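Heads up, the thing below is written out as structure tokens.
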Amino acid sequence: MIVPCELTEIENAEGYMLSVSKQSISPSIEPSKLQNQLKHDEFDSQVTFLHINQCTIPKFPRDILNDLSNLTRLTVMQSGLKSITKFELKTFKQLKIVNFNSNELAFLPGDLFQFNPHLEEVHFKRNKVEFIGSKLLEGLQSLTF
């Protein structure tokens with residue numbers, strides 16, 4: 001089941017924030033249209049914060065998000081995310097904060113953040129974690145939380 005979602009773009013001093021949330025009052029975006037709406041070449045490089053909340057996405061939408069190379073903050077919360085690998089995060093080399101709270105992640109591979117050396121914060125609360133790779137946080141020199 002795919003939950004209808006609303007896409008919001010917010011511009012601030014740090015760039016653009018894209019927020020994809022469960023439909024509330026606004027009209028919903030069909031899944032096929034969501035992919036097209038997230039592909040805006042004119043501001044992809046300005047998007048620094050992506051917030052996905054209460055959308056049903058068991059797999060990370062790598063194909064949709066591969067152009068957001070300046071992303072510094074990524075939040076995927078309450079969305080039923082079941083798996084994530086280093087390949088989904090590979091493009092986001094500037095990431096400083098990742099928040100995967102309240103999903104269904106069970107496996108956190110040791111090389112998950114191999115391509116994200118600038119991480120300062122990592123959040124995995126309220127998941128179904130059964131395995132954490134021994135080198136999950138290795139090489140993250142700036143990690144504070």
Side-chain angles (χ1 to χ4, degrees), residues 1-40 43-133 135-138 140 142-145:
M1 180 175 116
I2 296 177
V3 176
C5 292
E6 171 187 4
L7 175 67
T8 307
E9 302 167 14
I10 302 167
E11 184 177 9
N12 60 33
E14 298 172 7
Y16 277 98
M17 172 185 154
L18 289 181
S19 179
V20 184
S21 301
K22 184 176 179 181
Q23 177 186 346
S24 51
I25 298 171
S26 302
S28 66
I29 297 174
E30 295 172 20
S32 60
K33 291 181 182 177
L34 178 61
Q35 182 167 357
N36 291 333
Q37 294 224 4
L38 280 172
K39 293 242 178 239
H40 294 291
F43 70 80
D44 279 354
S45 64
Q46 298 175 39
V47 175
T48 57
F49 181 12
L50 176 62
H51 179 81
I52 299 173
N53 189 30
Q54 296 181 333
C55 296
T56 305
I57 53 165
K59 291 178 66 177
F60 194 80
R62 182 178 5 167
D63 296 338
I64 295 174
L65 307 175
N66 62 2
D67 296 329
L68 305 177
S69 59
N70 289 320
L71 208 62
T72 59
R73 187 172 186 167
L74 173 63
T75 300
V76 180
M77 294 177 58
Q78 299 176 341
S79 295
L81 186 64
K82 293 183 179 184
S83 68
I84 187 143
T85 70
K86 66 182 177 182
F87 300 109
E88 282 90 14
L89 301 178
K90 184 177 183 177
T91 306
F92 313 130
K93 293 182 178 17
Q94 304 303 317
L95 269 182
K96 293 183 179 178
I97 300 171
V98 293
N99 184 337
F100 296 110
N101 287 348
S102 301
N103 282 291
E104 296 179 21
L105 294 169
F107 182 80
L108 302 177
D111 62 354
L112 181 60
F113 302 123
Q114 178 180 346
F115 301 111
N116 314 108
H118 304 293
L119 277 175
E120 297 171 2
E121 293 184 25
V122 176
H123 303 269
F124 287 106
K125 286 190 238 175
R126 293 180 297 280
N127 275 280
K128 299 177 178 180
V129 177
E130 296 175 6
F131 175 83
I132 299 175
K135 298 181 181 184
L136 180 66
L137 304 178
E138 188 174 285
L140 301 179
S142 304
L143 195 64
T144 58
F145 184 80

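Quick caveat: nothing in here was measured; it's all calculated off a predicted structure.
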*asked:* Does K93, at its NZ atom, have more than 12 non-hydrogen atoms belonging to other residues, nucleotides or ligands within less than 6.0 Å?
replied: yes
Nearest heavy-atom approach of R73 to L95 is N-CD2, 3.8 Å
_I'd like to know if the side chain of E120 pairs up with that of H118 as donor and acceptor (distance under 3.5 Å, no hydrogens or angles considered)._
no
_What I'd like to find out is whether the side chain of E121 reaches to under 4.5 Å of the side chain of H123, using heavy atoms alone._
yes
Residues G80 and E104: closest non-hydrogen pair is CA-OE2, 4.1 Å
Nearest heavy-atom approach of L136 to L112 is CD1-CB, 3.7 Å
Note to self: Would you say that F49 contacts I97 through its side chain, given a criterion of any heavy-atom pair below 4.5 Å between the two side chains?
What the structure shows: no
Q | Flag side-chain contact, heavy atom, 4.5 Å: I57 against V76 | A | yes
Side chains of T48 and L71 in contact at under 4.5 Å (non-hydrogen atoms): no
When rounded to the nearest 0.5 Å, the distance separating CG of L119 from OG1 of T72 is 10.5 Å
Nearest heavy-atom approach of F92 to N116 is O-ND2, 2.8 Å
Discussion item. Could you check whether any side-chain heavy atom of L108 comes within less than 4.5 Å of a side-chain heavy atom of V129, counting everything from C-beta outward?
Written reply: yes
Between N103 and Q78, the two heavy atoms sitting closest are OD1-N, 3.9 Å
How are the rings of F131 and F107 set relative to one another: parallel (under 30°), tilted (30 to 60°) or perpendicular (over 60°)?
-> parallel
The reported gap from NZ in K125 to OG in S102 (rounded to nearest 0.5 angstrom) is 9.0 Å
Heavy atoms of L81 and F100 approach each other most closely as CD2-CD2, 3.7 Å
Just checking K90: does its NZ atom have more than 12 heavy atoms from other residues, nucleotides or ligands closer to it than 6.0 angstrom? no
